[in-house]
Amino acid sequence: MIAALRLCALSLIPGAAILPASAADAPPPPAAYAAPVQPLSIVSEVRIGGAVQDPGSAEGKLPGFSKANVNGEILFAKPQVSPDPFWQAFVPRPTVGGSYNTGGRTSYAYLGATWTVEIFPETLGRRVFLDGFFGGVAHNGYTGPKAETPYGFNTLGCSPMFREAAALGFRLTEHWSVMATVEHMSNAGLCANNRGLTNFGGKLGYTF
């Protein structure tokens, strides 16, 4: 009797919809993923990872020492945020980082800017991105005459030098991401010798 009265009352309300119990109790669909636009602090992201020291050079192919690097970097918040995603991609994040070579070869610290662009954001759910970095690097590698280069070192010419880097990344969640990285350091021919360094590796990032 009670169920019948409820059905009758609902039929008298204009626009009332009668849904099956299973549909009415179903949880709402998950929200679409959206990458954070403005971090909650001055620090935008922290990254840690590793790399192989220049596999094609003396520091990466000669035997007798480790070729592994341990690295980390801090990316700070963009100095200006644009509501337009197109123009937003042109605003870089100030970046500071460093890499330690576990074999006693060239280690370094760098400072510069990182630009991040999402790849096919609508198709790939805003999860795949490409990073580009440009800045300066100071190192403890060999800068003397080429004829006197120590075993297992590259002839880097001078310090500081230029550093360019790129990363292809995938966002696991709103906060966590993984990246494949490549970086190159050289003096652009401004010093007597310019062997440079090109390292390959990966990073794990946490965005605030």
Side-chain angles (χ1 to χ4, degrees), residues 39 41-79 91-116 129-169 176-208:
S41 68
I42 190 174
V43 176
S44 170
E45 186 177 359
V46 175
R47 297 174 176 178
I48 58 173
V52 176
Q53 193 91 329
D54 198 341
S57 73
E59 296 202 18
K61 66 182 181 181
L62 294 182
F65 52 89
S66 172
K67 315 302 189 295
N69 293 338
V70 179
N71 51 52
E73 63 184 16
I74 299 173
L75 291 82
F76 296 93
K78 294 186 176 187
V91 182
R93 288 181 288 175
T95 304
V96 60
S99 180
Y100 173 74
N101 180 260
T102 59
R105 268 52 189 176
T106 303
S107 298
Y108 49 89
Y110 53 89
L111 176 68
T114 299
W115 289 262
T116 302
F129 61 92
L130 185 66
D131 273 357
F133 171 93
F134 181 78
V137 57
H139 63 85
N140 65 351
Y142 179 72
T143 59
K146 185 175 182 180
E148 301 176 10
T149 305
Y151 177 83
F153 278 88
N154 287 4
T155 309
L156 300 178
C158 54
S159 179
M161 304 192 299
F162 299 105
R163 178 181 184 267
E164 308 88 38
L168 178 62
W176 292 100
S177 59
V178 292
M179 288 148 277
T181 63
V182 58
E183 60 180 344
H184 176 72
M185 291 157 283
S186 71
N187 59 52
L190 300 177
C191 302
N193 297 297
N194 185 32
R195 173 58 183 82
L197 278 173
T198 302
N199 304 335
F200 303 88
K203 284 188 174 73
L204 175 68
Y206 182 85
T207 301
F208 293 92

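Quick note: residue numbers are just sequence positions, from 1.
Here V70 pairs with T102 under the side-chain contact (heavy atoms from CB on, under 4.5 Å) rule; sequence neighbours left out. Residues passing the side chain to side chain donor-acceptor pair (under 3.5 Å) test with T95 are T114, sequence neighbours excluded. Every residue meeting the side chain to side chain donor-acceptor pair (under 3.5 Å) condition with R163, not counting sequence neighbours, appears here in chain and number order: E183. Residues forming a ring pair (Phe, Tyr, Trp, His ring centres under 6.0 Å) with W176 (at least two apart in sequence, or on another chain): Y206. In this view, N154 and S57 satisfy the side chain to side chain donor-acceptor pair (under 3.5 Å) rule, not counting sequence neighbours. Qualifying side chain to side chain donor-acceptor pair (under 3.5 Å) partners for Y110, counting only residues two or more places apart in sequence or in other chains: E73.
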Tell me, with the steps shown, if V178 and K203 meet side-chain contact (heavy atoms from CB on, under 4.5 Å). CA-CA 6 Å; V178 292; K203 284 188 174 73; over 6 Å; no
Do F162 and M185 pass the side-chain contact (heavy atoms from CB on, under 4.5 Å) test, and can you show the C-alpha distance, the side-chain angles, and the key distance before you say yes or no? CA-CA 6 Å; F162 299 105; M185 291 157 283; over 6 Å; no
Would you check, one step at a time, whether the test side-chain contact (heavy atoms from CB on, under 4.5 Å) holds for W115 with L130? CA-CA 8 Å; W115 289 262; L130 185 66; over 6 Å; no
Please assess D131 against R47 for the test salt bridge (Lys or Arg N to Asp or Glu O under 4.0 Å), listing each intermediate value before the final yes or no. CA-CA 13 Å; D131 273 357; R47 297 174 176 178; 2.6 Å; yes
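Taking CG of N69 as the reference point, atom OH of Y108 lies at 5.5 Å (rounded to 0.5 Å). Rounded to the nearest 0.5 Å, atoms OG1 (T143) and CZ (F153) are 11.0 Å apart. For the atom pair CE (M179) and CG (L168), the distance works out to 10.5 Å, reported to the nearest 0.5 Å. Atom CG in L204 sits 7.0 Å away from atom OG in S177 (nearest 0.5 Å). In this structure, CZ in R105 is found 9.5 Å from CD in Q53, a value given to the nearest 0.5 Å. Atom-to-atom distance recorded for E164:CD and S186:OG is 5.5 Å, nearest 0.5 angstrom.
When all heavy atoms of P79 and P92 are compared, the closest pair comes out as CD-O, 3.5 Å. N199 and A51 make their closest contact through CB-CB, 4.4 Å (heavy atoms, listed as atom of the first residue, atom of the second, distance). Shortest non-hydrogen contact noted between S107 and N140 is N-OD1, 2.8 Å.
Inspection of the T198 and H184 side chains reveals an N or O donor paired with an N or O acceptor under 3.5 Å.
Panel note: side chain N194, backbone N187; a donor-acceptor pair is recorded below 3.5 Å. Checked by atom type and distance alone, the side chain of K61 never pairs as donor or acceptor with a backbone atom of P55 at under 3.5 Å. Under a 3.5 Å cut-off, the side chain of T155 and the backbone N or O of T149 do not form any donor-acceptor pair.
Looking at heavy atoms from C-beta onward, V43 lies in side-chain contact with F76 at the 4.5 angstrom threshold. By the 4.5 Å heavy-atom criterion applied to side chains, L197 and T106 are counted as neighbours. The shortest distance between side-chain heavy atoms of S44 and F208 does not fall below 4.5 Å.
Ion pairing between R93 and E45 holds under the 4.0 Å rule for side-chain N and carboxylate O. Comment: K67 does not engage D54 in a salt bridge, judged by the lack of any side-chain N to carboxylate O separation of less than 4.0 angstrom.
When the shell of 6.0 Å around CD1 of I48 is examined, it contains 12 or fewer heavy atoms from other residues, nucleotides or ligands.
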